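Taking it in order: structure first as structure tokens, then the write-up.
Given the structure is predicted, the values throughout are model-derived calculations rather than measurements. Residue numbers begin at 1 in each chain, while the letters A, B, ... track the order of the sequences.
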Amino acid sequence: MKVVLPDGSDLSVAEGATAADVAEAIGPRLAKAAIAAKIGDRVVDLATPVDEGDQVAILTPSSEEGLDVIRHSAAHVLADAATRLFPGTKVAIGPAIKDGFYYDFEFPEPVGEDDLPRLTEEIQRLLGASLPFERREVSKEEALALFKDEPYKLELIRDLPTDAVISVYRQGEFLDLCRGPHVPDTGRIGEVGLLSVAGAYWRGDSDNTMLTRIYGTAFPTKKELEDYLRRMEMARQRDHRRLGRELGLFSFQDEGPGFPFFHPKGMRVVNALLEYWRKEHLAAGYEEIRTPMILERTLWEHSGHWENYKDNMYFTVIDGVDFAVKPMNCPGGMLVYKSEQHSYRDFPLRMAELGQVHRHEMSGVLHGLFRVRCFTQDDAHIFCLPGQVEDEILGVIDLIRRMYRTFGFDKVHVELSTRPEKSIGSAEMWETAERALAAALERAGLEYVLNPGDGAFYGPKIDFHIEDVMGRTWQCATCQLDFIMPERLDLEYVGEDNQRHRPVMLHRVVLGSIERFLGILIEHYGGALPAWLAAVQVVVVPVADRHAEYAQAVKSALESAGLRVDVDLRAESVSKKIRDGEVGKVPFMLVVGDREVEQRSVTLRTRGSKETRSYALAEAVAFIGGECEVPGVASGA
RNA sequence: GCCGGUGUAGCUCAAUGGUAGAGCAGCUGAUUUGUAAUCAGCAGGUUGGGGGUUCAAGUCCCUUCGCCGGCUCCA
């Protein structure tokens, strides 16, 4: 009989052959590397028989799918080790995930990070034993009997549809309910490392039991595992919380959990970022407004926030009247809109607001600048005619992509989120809004993923995810279409027909949260921000005290050009000052000594490079000034 | 919020239940330095807060606060 290989060629194999036989027939090296196979779209065990005409691909650990198989198998070995070391342990689930795997357990005694070395040792012993993975298909009754002492497995089995094929895998002493596939034996898993222990609810529901989750990862070779651990360590080195402190940008205090404090250098960066932001928004036809932090409760009741968002809001009482601290800027922006009459001729009206919002996040989710309780949204509300909606969305998409490219975020992936359970407005309104967003995406030629039920409570949204240098993705920009709040807050405009109409409103952010975006940038650049964003752009390094006066003159010249400059007058060696400048991620350092004083010049050293170059002072100011120029469209000046 | 971990000087970390220490940073002084750490000295602490056990607590117990990791990528 014949099977079809991925390159389209046919391969003859004996009747009753398995995927492993196919691998063998292709070549001994492939057979050795093979860990699973793909028949059609199905990933299967190597022991799976193939049929006449099947599309067969052999999986090795070098593919994503192959890695998933070895990691999922590693999870089973972890469960084997855990149940051996801690008798009485109940097992839950253990899938492969991005970059690794986990397994959830209910242990009879507390198990923590300290137990990982023992578990790792046991895993290594099991890997060395090359225990075969044996698959068996069983009836539901048999499955229930096999797992009678495993409450979580029983729950899973009971939830399976009646016609489901139930398979179990055994390796060593460990039997697990599992769809598979797995590697042929534990000797084929490669190198396994356990990473961390954490709590996790059974099925992610906080009403359920808290289980102990052990995270790990597996790679075909020790080298790859070590590379991975090194990359993790690199990401740890780039942690914005650490860099933020070391670079003196911001801090967190016990007195304000989740509320960041920005220090002078942090504000320099924020202000540079906002300068860029304002340039882009001015050019894109936005006006800027600012609305109050605290507004009356009744407003939030009208807008629907009270009903849908009050668990995340902070409240206060002023002169016996209930007020709320704003968690979003839209109602305030809409009051600005309502403060005067509008004509269709005003549209589209683009009102931006760098609005600081407060949201009561659960204490356990706070995380540096990434998840805070107080942040600045680069918000805007666009009021327009129904017929202008698509063009406005396209304009927003264009602005988002242009601004992201400035930071090297060239890859963007897009999601369209639809009506959530908790929401307001009629079904028709939602349908119209969802269709409009989809249409704009089609016109922009952007591919997107549908994310049902993840929209805001007042309307569907398009989310933009960026990818940083370490391959992590972040949702930042969002563009939401809202027919509902204009209705609830009774917004109007006078149309061409001299009648009153309801405007359509778009909510959108580009950077999302200024604080979070800064955190992303810090990690993306490893603290070495582009010169235009750097808190200190230039350090002037006098060689000896007698050069201090000239160094100050150099500083003044640079500052006159609008640059952020420090001069290092400490009685330290040049080497020490250079080192501190490098550690401080300063883009440019200017060394001035006898030579420079005499020639009215400077010697420039650029961050990360040992090479130096001499400039006349005026040339240096022009050059560095150019390098530090805030990007963006020319403001016309 | 929940589970686990953790909390010692500004930072990174030491200290069998028995006198709280080091490096860096800071300050003072000396040094005047040419591209990633000059030398010396000084100062720095209610060991997160509160309570308890003990002759004795940084260390053990309780409680509270902060921080760190995690809380469906579904056998």
Sugar-phosphate only, base, or nothing, as touched by A:P257 at under 4.0 Å among non-hydrogen atoms: sugar-phosphate

Sugar-phosphate only, base, or nothing, as touched by A:T212 at under 4.0 Å among non-hydrogen atoms: nothing

Close residues, residues 149-157 of chain A, relative to RNA chain B [heavy-atom separation under 4.0 Å]: A:K153, A:L156

Distance-only donor-acceptor test, A:Y102 side-chain atoms vs B:G70 base atoms, 3.5 Å: no

Length of the CD1-P vector between A:I93 and B:U72, whole Å: 10 Å

A:L195 CG to B:C68 C1', straight-line distance once rounded to whole Å: 16 Å

Touch class at under 4.0 angstrom, heavy-atom based, for A:H367 against every strand present: sugar-phosphate

Nucleotides 23-28 of chain B: protein proximity per nucleotide (B base, S sugar-phosphate only, - neither; heavy atom, under 4.0 Å): --S---

Whole-Å P distance, B:A40 and B:A25: 13 Å

Nearest to side-chain heavy atoms of A:V591, which nucleotide of B:G70, B:G34, B:U32: B:G34

Strand partner of B:A36, provided both Watson-Crick or wobble distances fall under 3.5 Å: none

Touch class at under 4.0 angstrom, heavy-atom based, for A:R213 against every strand present: sugar-phosphate

Where protein sits on nucleotides 40-48 of chain B, one letter per nucleotide: B base, S sugar-phosphate only, - none, heavy atoms under 4.0 Å: ---------

Pairwise P distance, B:U47 and B:G7 [rounded to whole Å]: 15 Å

Salt bridge (charged side-chain N to carboxylate O under 4.0 Å, His left out) partners for A:R570, two or more places apart: A:D568, A:D580

Electrostatic pair A:R613-A:E611, nearest N-O below 4.0 angstrom: no

A:M362 side-chain proximity, nearest of B:U33, B:G34, B:G1: B:G1

For B:G66, the Watson-Crick or wobble partner whose two distances fall under 3.5 Å: B:U6

First encountered from the 5' end of RNA chain B, between A:D545 and A:E246: A:E246

Approximate separation, where rounding is to 0.5 Å, of A:K140 NZ and A:I157 CD1: 8.5 Å

A:R179 side-chain proximity, nearest of B:U32, B:G34, B:C74: B:C74

Residue whose closest nucleotide on RNA chain B lies nearer the 5' end, A:G256 versus A:R605: A:R605

Under the salt bridge (charged side-chain N to carboxylate O under 4.0 Å, His left out) test, residues paired with A:E65 that sit two or more places apart: A:K38

B:C68 phosphate, OP1 or OP2, under 4.0 Å from A:R241 side-chain N/O: yes

Residue A:E246 excluded, over 12 heavy atoms near CD under 6.0 Å: yes

Atom P, compared across B:G18 and B:G44: separation rounded to whole Å: 25 Å

Pairing partner (Watson-Crick or G-U wobble, both distances under 3.5 angstrom) of B:G21: B:C13

Gap between atom CZ of A:F86 and atom CD of A:E122 - 0.5 Å precision: 10.0 Å

B:G5 and B:U19, which share atom name P, separated by this distance in whole Å: 29 Å

Out of B:A75, B:A36, B:G34, whichever nucleotide has its closest atom nearest the side chain of A:S575: B:A36

Interatomic distance at P, B:G17 relative to B:U63, whole Å: 23 Å

Verdict with supporting geometry, A:E134 and A:Y169, side-chain contact (heavy atoms from CB on, under 4.5 Å): CA-CA 5 Å; A:E134 291 158 12; A:Y169 279 79; over 6 Å; no

Span that lies between the P atom of B:G4 and that of B:U64, in whole angstrom: 14 Å

Residue list, side chain to side chain contact (heavy atoms under 4.5 Å, CB included) with A:M210, at least two apart or on another chain: A:Y201

B:U8 to B:C68 separation - P atoms, rounded to the nearest Å: 14 Å

Closest listed nucleotide, where the reference is the side chain of A:I97 and the choices are B:C71, B:G70, B:C73: B:C73

Rounded distance (Å) that lies between atom C1' of B:G5 and atom OH of A:Y215: 15 Å

Touch class at under 4.0 angstrom, heavy-atom based, for A:D176 against every strand present: nothing

Distance in Å, A:F259 CZ paired with A:L366 CG, rounded so as to fall on 0.5 Å steps: 8.5 Å

A:F105 and A:Y103 aromatic ring geometry - parallel, tilted or perpendicular at 30°/60° bounds: parallel

Euclidean distance, atom CD of residue A:Q253 to atom P of B:C65 [Å, nearest integer]: 19 Å

Touch class at under 4.0 angstrom, heavy-atom based, for A:V541 against every strand present: nothing

Whole angstrom value for the distance that separates C1' of B:U72 from CG of A:D104: 9 Å

Whole angstrom value for the distance that separates C1' of B:C11 from CZ of A:F252: 18 Å

Identity of whatever pairs with B:U31 - Watson-Crick or G-U, under 3.5 angstrom: none

Pairing nucleotide - B:C73, Watson-Crick or G-U, each distance under 3.5 Å: none

Any strand: nucleotide that pairs with B:G26 via Watson-Crick or wobble, under 3.5 Å: B:C42

Of the listed nucleotides B:A37, B:C71, B:A75, the one nearest the side chain of A:L177: B:A75

Face-on cation placement of A:R71 at A:F219 ring, 6.0 Å and 45° thresholds: yes

Sugar-phosphate, base or nothing in reach of A:R595, heavy atoms under 4.0 Å: base

Closest to side chain of A:A571, choosing from B:U32, B:C11, B:G34: B:U32

Rounded P spacing from B:G10 to B:G48 in Å: 12 Å

Nearest to side-chain heavy atoms of A:Y201, which nucleotide of B:U72, B:C2, B:U33: B:C2

Rounded distance in Å - CG (A:L211) to P (B:G69): 21 Å

Touch class at under 4.0 angstrom, heavy-atom based, for A:V165 against every strand present: base

Greater than 12 external heavy atoms within 6.0 Å of A:E137's CD: yes

Distance, nearest 0.5 Å, that separates CD1 of A:I462 from OH of A:Y448: 9.0 Å

Length of the CD1-C1' vector between A:I578 and B:U33, whole Å: 12 Å

Quiz item: A:E596 side-chain donor-acceptor pair to B:G34 base, under 3.5 Å: yes

